[in-house]
Amino acid sequence: METTGPWTRATAAAGLMKDGEARPTVFARMSASAAEHGALNLGQGYPDDAPPPQVAEAAVEAIRQGRNQYPPGAGEAVLREAIAEHQQHWYGLTWDPAREVLVTTGATEALAATVLALVEPGDEIVTIEPFYDQYAALTGLTGAVHRTVPVTSVAEEGSGDLVLDIDEDALRGAFSQRTRLVLVNTPHNPTGLMLRESALQAIVDEAERHDALIVTDEVYEHLTFGTSHRPIATLPGAQDRTVSISSAGKTFSVTGWKIGWITARPELVTAITGVKQWLTYSSGAPFQPAVAAGLGLPDSVFHDLASDLRERRDLLTAGLREIGFRVSIPEAGYFTVADAGPLGEGDADALAARLPVEAGVVGIPLSAFYRDGNAGAASSYLRMAFCKSRETIERALEKLDAWATPRR
Ligand code: PMP
Ligand code: GLN
């Protein structure tokens, strides 16, 4: 039976078609490898942390109260109101919870429904490269053309660390008359980069000039280690053309709950709902009031999570540096980028396949976040997650140190 179709285009666009066979995502492969070899998993980005107790209790309570049947397609009113209040409280953005907020099955469904709703074959989508793997898959699914803005390593005085940034001229140059949307991800996975205000402004200027939509993936909005997150929708003139996407997964350490959301103007929400209702219709009934409770927690809960994560970032980056990797110090998120080049490992793809066996540690090659052949200098980079427990990070560092000793 012939089974090629949109899925094969999506799989190929995400770089997962190898020798005529479709491979699972890099996260699935590397987590399977961790399980197979009993290796410590600094690969897939999910935390070891428990959710805040108030959030967990609210979900248990909702199940006990019988909130177990289909929620409304747009999401429970209590959650839509909490999302609108959260955006007002943290960013000063005003949204009408009845018409400008849509609850989704994670940021993943929000991204898929948005792109499927608004992009026609041949339209261009601009993203930063490296990018979260789903972005390439969605361009393949819709038959869009993927234009990218490279993150480059910026020479650094003194410390010898890896410093990553995007070039704003390249950013402006990625737009054309065919640009339908620019998919912004800040804080950024995999690099932890937070786009500077001038870069955000350049995106808004170019989107206006080319009448393009801005879609912004802000799932790491609260996991910042110094500078606060600035949503692009807060820039003058941006709110009307921006679809902002976030999710509870990272903020409350509940990646398996898959509660995400969109805030946008009513006509955009209507279009996106027009696809979303044929994907899942709705999901996560008891988790929706629990996430609503979480969004209303005192600011200190959000700050404490970020500062605890920051300590683990420091633990992992200092340890990797000592072992001999060249490391980036991410400003936000779950991940650090470690260059294995100084340890004589130029091919991080091959290294990531060997590390679970040789060192008992899993990392993700950064090349997985690039289109085939585009990784360039990043070919020797690994993405390592520090959202794991201190004990896991410490044990992983010990194992990597033992592995690296003969290489130094
Ligand atoms: N966007 C980015 C940048 C991510 O890293 C992830 C996964 N953590 C997602 C979207 C998907 O989010 P969710 O788990 O809420 O579907
Ligand atoms: N967002 C997570 C990461 O980047 C993984 C999500 C997934 O497995 N699809 O590691």
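Counting convention: from 1, in listed order, for ligands and their atoms alike.
Donor-acceptor pairing under 3.5 Å is lacking for the side chains of Tyr220 and Asn185. Inspection of the Thr8 and Thr11 side chains reveals no N or O donor paired with an N or O acceptor under 3.5 Å. Thr263 and Glu100 are not linked by any side-chain donor-acceptor pair at a separation below 3.5 angstrom, with hydrogens and angles left out of the test. Residues Glu331 and Thr227 have side chains that never bring a donor and an acceptor to within less than 3.5 angstrom of each other.
Arg265 CZ: more than 12 foreign heavy atoms inside a 6.0 Å radius. Arg390 CZ: more than 12 foreign heavy atoms inside a 6.0 Å radius.
Screening residues 101-123 for salt bridge (Lys or Arg N to Asp or Glu O under 4.0 Å) gives Glu109-Lys276 as the qualifying pairs, with residues at least two apart or on separate chains.
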Worksheet item: Is there a side-chain contact (heavy atoms from CB on, under 4.5 Å) between Val219 and Tyr334 once you walk through the steps?
Response: CA-CA 11 Å; Val219 300; Tyr334 273 173; over 6 Å; no
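The residues lining ligand 2, counting any heavy atom closer than 4.0 Å, are Phe27, Gln44, Gly45, Tyr132, Asn189, Phe335, Arg383.
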Which pairs of nitrogen or oxygen atoms, taken one from ligand 1 and one from the protein, are under 3.5 angstrom apart?
| unit_1 | atom_1 | unit_2 | atom_2 | d |
| --- | --- | --- | --- | --- |
| ligand 1 | 1 (N) | Asp217 | OD1 | 3.4 |
| ligand 1 | 1 (N) | Asp217 | OD2 | 2.5 |
| ligand 1 | 5 (O) | Asn189 | ND2 | 2.8 |
| ligand 1 | 5 (O) | Tyr220 | OH | 2.7 |
| ligand 1 | 8 (N) | Lys250 | NZ | 1.9 |
| ligand 1 | 14 (O) | Lys258 | NZ | 3.3 |
| ligand 1 | 15 (O) | Ala107 | N | 2.9 |
| ligand 1 | 15 (O) | Ser247 | OG | 2.7 |
| ligand 1 | 16 (O) | Ala107 | N | 3.2 |
| ligand 1 | 16 (O) | Thr108 | N | 2.9 |
| ligand 1 | 16 (O) | Thr108 | OG1 | 2.5 |
| ligand 1 | 16 (O) | Lys258 | NZ | 2.7 |

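The ring-ring contact (aromatic ring centres under 6.0 Å, His included) test applied to Phe252 returns Phe302, not counting sequence neighbours.
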